[in-house]
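As structure tokens, the structure follows; a few thoughts come after it.
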Amino acid sequence: MSDVAQTAEAPADVLIHVRFNPNAEVFTIDRQPEGVSAKAWFERLYTAASPYYRTLANGRGFFRIPAPVFAGL
């Protein structure tokens with residue numbers, strides 16, 4: 001079986017990018033549910049999926065959450 005076929009069959013990770021203001025408040029975050037503040041969404045994700053969070057330079061970070069874990073959120 002080729003690598004492409006294996007990738008297509010495996011559940012994809014969900015990537016959620018986060019950008020912060022200089023004062024550490026969440027500026028933008030992907031997949032933010034309607035009616036949930038950016039800060040509340042980040043806190044929910046970080047509480048439930050902190051092992052999948054990576055900090056980047058310049059006030060950025062991202063979650064790479066396995067699809068089954070994200071579905072449980």
Side-chain angles (χ1 to χ4, degrees):
M1 187 179 286
S2 73
D3 290 337
V4 174
Q6 289 176 351
T7 303
E9 293 172 7
D13 291 342
V14 176
L15 297 177
I16 299 176
H17 293 91
V18 185
R19 292 187 180 154
F20 297 92
N21 286 318
N23 67 356
E25 289 291 321
V26 177
F27 179 65
T28 62
I29 186 167
D30 294 341
R31 295 184 174 243
Q32 181 178 343
E34 190 173 323
V36 177
S37 71
K39 179 180 178 179
W41 180 231
F42 175 79
E43 289 174 352
R44 181 175 172 188
L45 289 172
Y46 195 78
T47 298
S50 60
Y52 306 108
Y53 182 73
R54 298 292 175 260
T55 302
L56 301 174
N58 298 321
R60 299 173 298 133
F62 73 94
F63 291 90
R64 181 183 298 269
I65 305 171
V69 173
F70 184 76
L73 295 174

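Here the structure is a predicted model, which is why all the values come from computation and not from measurement.
Taking the side chain as every heavy atom from C-beta outward, Tyr53 and Leu45 never approach each other to under 4.5 Å.
A distance of 10.5 Å separates CZ of Arg54 from CZ of Phe63, quoted to the nearest 0.5 Å. Here the straight-line distance linking atom CD1 of Ile29 with atom CZ of Arg19 works out to 12.0 Å at 0.5 Å rounding. With rounding to the nearest 0.5 Å, the separation of CG in Leu73 from CZ in Arg44 is 6.5 Å.
With a 6.0 Å radius and a threshold of 12 heavy atoms from other residues, nucleotides or ligands, Arg60 has its CZ atom above the threshold.
Remark: Asn23 engages Asn21, Glu25 in a side-chain contact (heavy atoms from CB on, under 4.5 Å) (not counting sequence neighbours). Taking Pro68 as the reference, Pro11, Pro66 meet the side-chain contact (heavy atoms from CB on, under 4.5 Å) condition, with sequence neighbours excluded. Glu43 is linked by a side-chain contact (heavy atoms from CB on, under 4.5 Å) to Lys39, counting only residues two or more places apart in sequence or in another chain. The ring pair (Phe, Tyr, Trp, His ring centres under 6.0 Å) test applied to Phe27 returns no partner, not counting sequence neighbours. Annotation: ring pair (Phe, Tyr, Trp, His ring centres under 6.0 Å) contacts of Tyr52 (sequence neighbours excluded): none. For Arg64, the side-chain contact (heavy atoms from CB on, under 4.5 Å) criterion is met by Asp13, Leu15, Phe62, not counting sequence neighbours.
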Worksheet entry | Trace of the side chain to side chain contact (heavy atoms under 4.5 Å, CB included) decision for Val69 with Val14 | CA-CA 9 Å; Val69 173; Val14 176; over 6 Å; no

Fill in: Derivation and outcome, side chain to side chain contact (heavy atoms under 4.5 Å, CB included), residues Asp30 and Val18
CA-CA 7 Å; Asp30 294 341; Val18 185; over 6 Å; no

Item to complete: May I have the step-by-step check of side chain to side chain contact (heavy atoms under 4.5 Å, CB included) for Phe20 and Phe42, ending in yes or no?
Response: CA-CA 11 Å; Phe20 297 92; Phe42 175 79; 3.8 Å; yes

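Between Ala67 and Ala12, the shortest heavy-atom distance links the atoms CB-O, 2.9 Å.
The same ILVMFWY cluster, assembled from side-chain heavy atoms under 4.5 Å apart, contains both Phe70 and Tyr46. Transitive grouping of hydrophobic side chains (ILVMFWY, heavy atoms separated by less than 4.5 Å) brings Val36 and Ile16 into a common cluster.
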